[in-house]
Structures are given as C-alpha cells and as structure tokens.
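Have a look at the structure below before the remarks.
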Amino acid sequence: MINLQRKVLESELVSILQGCTTLNQIKRVHAFIYRNNLNQSSYVITKLLRVLTTLRHVPIHTYPLLLFSQVHNPNPFLWTALIRAYAHKGDIFEAFRLYGSMRMKCTGPVSFTFSALFSACGAARDARLGAQVHAQTILIGGFASDLYVNNTMIDMYVKCGLLPCARKVFDEMPERDVVSWTSLIVAYAKIGDMGSAGELFDELPVKDMVAWSAMVNGYAQNAMPKKALEFFELLRNEGVEIDEVTLVGVISACAQLGASKYANWIRDIAGSSRFRSENNVLVGSALIDMYSKCGNVEEAYNVFKGMKERNVFSYSSMIVGFAIHGSANEAMKLFYEMLKTEIKPNHVTFVGVLTACSHAGMVDQGQQIFATMEKCYGVAPTADHYACMADLLGRAGHLEKAHRLIETMPMKPNGAVWGALLGASHIHGNPDVAETASKHLFELEPDNIGNYLLLSKTYASAGRWDDVSRVRKLMKEKRLKKNPGYSWFEAKNGIIHEFFAGDVTHPEITEIKKELDDLMERLKTIGYLPNLCSVSYDISDNEKRRILMTHSEKLALAFGLLRSDAGSTIKIMKNLRICEDCHIVMCGASKVTGRKIVVRDNMRFHHFLHGACSCGNFW
DNA sequence: CTAGGGTTAG
C-alpha cells in the first residue's frame with residue numbers, strides 16, 4: 001500500500017519536474033522531495049538531474065553532483081544521467097571516470113550509458129576511445145545487437161570522420177530503423193557523396209520527414225539545387241509532412257538558383273505553412289539570404305523587419321545581403337543596431353561588415369573594426385577576415401600595405417587571402433604584385449582557372465604579351481579549360497533565357513542585335529568609347545570592338561530591354577565577373593533608358609541607376 | 001534517450 005502511494009507520488013513529481021524551467025522551481029521541488037524522504041529514489045533524482053542539466057548555467061560539479069552523491073545506491077540510470085551531463089558539456093574525461101566508478105561498483109551499464117559515452121567520444125572526435133566502448137558493447141552481453149546502441153555508435157564514427165566504420169556497424173546490425181539509415185545518408189551527404197546517399201535512401205523501406213529532409217538538404221548543401229527541388233516535390237507528392245528544417249533546405253536551394261520564380265514559389269509555401277518567417281527565425285533567416293541572392297535586397301529587408309525574433313543568423317544574413325548589394329551604409333547601420341541588442345556578432349557577421357567596408361572603400365572604418373573585433377566583441381580574426389582586409393586595402397590601392405598584412409598575419413594565408421591581393425593587383429594594374437600572389441595561388445589552388453585568367457588579364461593590360469602567352473601555356477599544360485561566359489535573364493513568365501558569349505542561337509537574335517546597336521548609338525552620343533583593355537587578346541582594335549559587342553551580359557541586356565515592362569528593373573545574372581566595358585555600358589544604359597539595371601556576377605550585385613553603379617566602379 | 005538545420009570573403 002505504502003509502495004503504491006510512493007509510486008504515485010514519484011510519477012506526479014516527475015511530471016511536475018518536466019515542467020520546470022528555472023532553477024528556483026527545481027529547488028522547490030527538490031525541497032519537497034527531501035521532505036518526503038524521496039531523495040534516495042534513483043528514479044526521481046535521475047529526472048531531477050536531467051532537468052537540472054538542461055539549464056546551461058548550472059555547472060555539473062556543484063548542485064547536480066551533490067544530488068548524485070547523496071544517493072547511497074544509485075541505479076544505472078542515475079549514473080548514466082550524470083555521465084550524459086558531462087558528455088553533453090564535452091567533458092569526456094569526467095564522463096569516462098564516472099563510467100569507471102560505475103563499473104567498479106558493479107552497476108549497469110544500460111544502453112543509455114553507451115549512448116552517453118558514444119556521444120562524448122563523438123563530440124571530442126576521439127575515435128580511439130569510441131572503438132574501446134564499441135568493444136565493451138560486444139564484451140558486455142547483449143549490447144552489440146541493441147538498436148539504440150548501434151545507432152549512437154554509427155553517429156560516433158561519423159562524427160570522428162570514420163565513415164567506413166560507421167558503414168560496417170550499419171551493415172552488421174541485426175535490426176535497423178529509419179534513424180540508422182538517416183544517420184548514414186547524412187554522413188554520405190556531408191562528404192559530398194550524394195550517389196551513395198541516394199542509393200541508401202532508395203533502399204530505405206519506410207521514409208519519414210527527417211529522412212526526406214536529409215536528402216533535400218544534402219542536395220542543397222552540395223550545390224545541386226535542382227535536385228533538392230525535385231526531392232522536395234517528390235516528398236510533397238508522397239504526402240509527407242514538412243517542417244522548418246525541410247523548408248530551410250528548399251529555400252537555400254532557391255537561393256542558389258537565384259530566380260524570382262522559385263523565390264516566390266517557396267515564399268508562398270512557407271507562408272501558408274505553420275513556419276512563417278515572422279514566427280520562425282530559421283525560415284526567416286533563410287528567406288533573407290534567398291531574397292538577397294535573388295537580387296531583391298528590399299524584400300530581404302522586409303522579411304527581416306517582419307521577424308518577431310531574430311538571432312545572429314538573421315542579422316548576419318541581412319548584413320551580408322546589404323554588403324553584396326553594395327549598400328555599405330545600410331550594412332553598417334544594421335551592424336550598429338545589432339550591437340545594441342543581446343545578440344553577439346560572430347565571425348560571419350564580421351565578414352559581412354568588412355566586405356561592406358571594402359566594397360565602399362571605407363578603409364579607416366574597416367581597419368578600426370578589424371582592430372577591435374577581438375578585444376571588443378570576442379571574435380578572433382580568422383584567415384577569412386584577413387582576406388577581407390587584404391581586399392579592403394588592396395582595392396583602395398594600398399597594395400604594399402595589403403601585401404605586408406599578409407606576410408605578417410599570424411596564420412597561414414589561404415586562397416582567399418592571396419586571391420584578394422591578386423584581384424586588387426588586377427584592378428590597379430600591378431603585374432608584379434599579381435605575380436607574387438599567383439605564385440602562392442597556383443600552389444594552393446592549382447585547378448582554379450580564375451587565378452590564371454586574372455593574372456593573364458593583368459599582364460595583358462600592361463601589354464606584357466609574352467607573359468600572357470606563358471600563362472596560357474601553363475593553363476594548357478594543366479589542361480584547364482576556360483568556363484564559357486554566359487548570362488541569363490528571367491522573363492516575366494519565369495522562363496530563363498540564356499546567352500553565351502558570341503551566341504547567335506537565340507530565336508530572336510536579329511531583334512536583340514538591333515536593340516544592342518541602337519543602344520550603342522545612343523551611348524555614343526553621351527561619350528561612350530569601347531574599353532579595349534577588356535579584351536585580353538593581342539588582336540586588332542577593330543576585332544576587339546567586335547568581340548566586346550558579343551559579350552553575354554550585353555545580349556541579355558538588349559533582350560531585357562526588349563522584353564520587360566517599361567519602368568521595371570532589369571535583372572541580369574552572369575556566371576563570371578562582369579567585364580569593365582560591360583560595366584560602362586550598363587552605367588550608360590541606365591542613364592539613357594532611365595531603367596534600373598541589376599547585374600549579379602559571380603562576385604556580387606551591381607545596381608545601375610542614373611548612370612552610376614552601387615559599387616562605385618569599384619569591384 | 002538515437003537521425004535532418006540557415007549566414008562567409010577573392
């Protein structure tokens with residue numbers, strides 16, 4: 001009778017405990033437990049410990065440990081709760097010390113114990129210890145066939161980067177569930193092997209929302225946005241429920257596609273779901289990124305403003321959005337607004353802020369932020385931040401300063417750092433510095449064709465044709481093929497029209513050519529002269545003029561002028577960097593037509609209006 | 001108790 005009452009009391013307590021969210025609430029329940037002589041109940045104390053350790057600011061070695069040590073004969077679950085708490089804090093040493101004590105007292109383990117230990121090993125990337133625990137699961141009867149133990153073991157091996165071991169566990173498991181499959185699918189997706197991920201997914205007998213989302217996100221993360229959308233459609237046809245995580249993958253895929261058609265499509269789906277950007281930071285932040293990558297930074301800001309809750313992702317995405325659109329002042333303003341909130345800037349925030357400064361030529365401000373980011377905001381500069389600084393200084397013409405910064409930086413310069421210097425050397429026509437930067441880049445990124453092209457263009461601008469052909473020869477030896485330049489324009493109906501350089505295959509090419517010729521005539525009246533330096537071949541000036549007129553972004557512009565509503569913004573996307581001559585033409589076109597033109601090249605967005613570009617002719 | 005998650009520079 002007494003035992004029954006006790007059981008009822010225990011279970012009531014546990015349900016009260018699960019609703020506790022503050023330390024004071026927990027302490028009150030604890031006092032009650034103590035008064036009712038329940039402080040020896042492993043069951044109740046285990047629950048108490050679990051709730052307590054979800055509070056981040058409570059150190060385990062104080063209150064939780066005290067609770068534990070007051071129980072004379074802790075059962076395996078109570079031991080495990082404490083082990084798990086240390087494991088979650090990343091204290092692998094303490095977790096294993098406790099496991100040792102537990103074994104010495106001849107208690108347990110239970111499957112949860114192994115889960116906690118595997119999670120500790122995974123967090124610490126300690127595969128050696130993980131393998132020892134693996135061995136224990138075999139030695140201590142029964143656990144090697146436990147589904148849950150095996151699932152956590154797979155996860156541990158995956159976190160340690162030992163996919164073959166994880167696969168072996170998976171292949172030898174007597175019983176698998178959708179969790180086991182999904183763990184492995186994600187592991188393959190993370191290393192970029194979507195082929196194996198897809199094979200596993202096909203074999204998976206019962207697919208749930210998480211497994212589907214893993215595929216959608218896997219394709220999105222591996223730059224296969226079309227595939228991601230395809231899987232999302234399949235998932236919806238299957239009648240599978242979607243949630244915020246699924247949505248984020250699709251939104252990121254739409255961001256990569258950069259087309260308004262997809263942006264509007266997923267906006268409506270998200271808007272009619274339970275996960276609207278106003279109430280959901282995850283979806284909201286993803287939409288901010290998507291809109292800015294689709295060229296619509298105004299809409300990105302609308303989403304930002306409409307969000308009830310914001311976090312570091314929302315702010316960083318918005319700051320980066322402003323930065324790539326050349327709205328440096330807005331980016332800075334938002335950064336200072338952010339500093340007034342509780343939200344702390346992180347390394348990405350600073351990349352955004354420094355990029356904004358760099359694109360706007362705000363050298364002093366950028367240098368000041370760079371100098372104080374660690375001291376004032378606790379974010380230590382990484383090589384990426386040094387790349388921003390090399391870009392900031394170099395772009396502004398301080399090539400030597402940029403070079404000196406690189407040579408004195410505390411870590412090994414990466415490709416972005418030398419790439420920034422190379423880009424700056426190209427802008428300022430300094431083949432000698434370009435040569436130095438390239439030497440490093442050819443070692444760091446031997447297959448990145450952009451570096452070879454930029455170097456050869458810098459030589460060409462300086463008239464060093466021998467060096468140009470030397471670089472060309474190098475590219476030939478490495479069998480590097482130049483990507484064909486192309487641009488695209490999204491028509492009102494969402495159909496995308498692609499134009500390659502020198503393209504004559506578009507059905508309306510005659511009209512397009514005529515439109516372009518007309519535009520050129522009008523530009524000449526305001527003083528346009530073809531920028532022959534934009535062609536880095538040693539050919540006649542006439543031939544250069546002809547080639548300039550075949551650039552894909554000019555064809556897309558002419559098509560856009562023909563096929564868009566008067567007064568609307570013309571949006572052009574390009575896979576390579578926009579050339580100087582096309583940039584001049586875009587400026588002029590915005591002036592003579594009175595249209596707003598937005599060009600997204602592979603680096604950033606250019607907003608042309610009234611004859612000027614948001615980048616300040618500075619890119 | 002175990003599986004899916006967003007922002008990054010040249």
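Small disclaimer: the values here were computed from a predicted structure and weren't measured.
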Over all strands shown, is [X] touching base, sugar-phosphate only, or nothing at heavy-atom distances under 4.0 angstrom?
X	result
Gln221(A)	sugar-phosphate
Met209(A)	base
Leu282(A)	base
His426(A)	nothing
Arg50(A)	nothing
Val245(A)	base
Leu441(A)	base
Val417(A)	nothing
Lys190(A)	sugar-phosphate
Ser285(A)	base
Ser111(A)	nothing
Asp243(A)	base
Ala416(A)	base
Asp289(A)	sugar-phosphate

Which donor-acceptor pairs under 3.5 Å do the side chains of residues 294-304 of chain A make with protein atoms, sequence neighbours left out?
from: Asn296(A); atom 1: OD1; to: Glu299(A); atom 2: N; distance (Å): 3.2
from: Glu299(A); atom 1: OE1; to: Asn302(A); atom 2: ND2; distance (Å): 3.4

Next item on the list: Identify the 5'-most and 3'-most nucleotides of DNA chain B with at least one atom closer than 4.0 Å to a non-hydrogen atom of chain A.
Entry: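 Boundary nucleotides touching chain A, in 5' to 3' order, are dC1(B) to dG10(B).
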Notebook entry, point to check: Please walk me through it: do Glu230(A) and Lys227(A) pass salt bridge (charged side-chain N to carboxylate O under 4.0 Å, His left out)?
Noted result: CA-CA 5 Å; Glu230(A) 190 190 302; Lys227(A) 272 292 212 184; 3.6 Å; yes
Checklist line | Residue Arg125(A) excluded, over 12 heavy atoms near CZ under 6.0 Å | finding: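 Yes, because the 6.0 Å sphere around CZ of Arg125(A) holds more than 12 heavy atoms from other groups.
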Next item on the list: Step through the shown structure and confirm whether more than 12 heavy atoms of other residues, nucleotides or ligands are within 6.0 Å of NZ on Lys305(A).
Entry: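 Result for NZ/Lys305(A): enclosed.
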Notebook entry, point to check: Would you say the side-chain atoms of Thr137(A) and His134(A) include a donor-acceptor pair closer than 3.5 Å?
Noted result: no
Side chains of residues 107-119 of chain A: which donor-acceptor pairs under 3.5 Å do they make with residues two or more places apart or in other chains?
from: Thr107(A); atom 1: OG1; to: Lys105(A); atom 2: O; distance (Å): 3.3
from: Thr113(A); atom 1: OG1; to: Thr80(A); atom 2: OG1; distance (Å): 2.8
from: Thr113(A); atom 1: OG1; to: Val110(A); atom 2: N; distance (Å): 3.0
from: Thr113(A); atom 1: OG1; to: Val110(A); atom 2: O; distance (Å): 3.0
from: Ser115(A); atom 1: OG; to: Arg84(A); atom 2: NH2; distance (Å): 3.0
from: Ser115(A); atom 1: OG; to: Tyr148(A); atom 2: OH; distance (Å): 3.1

Check: Under 6.0 Å between ring centres, would you say that holds for Trp79(A) and Phe68(A)?
Finding: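 Yes; Phe68(A) has its ring centre under 6.0 Å from that of Trp79(A).
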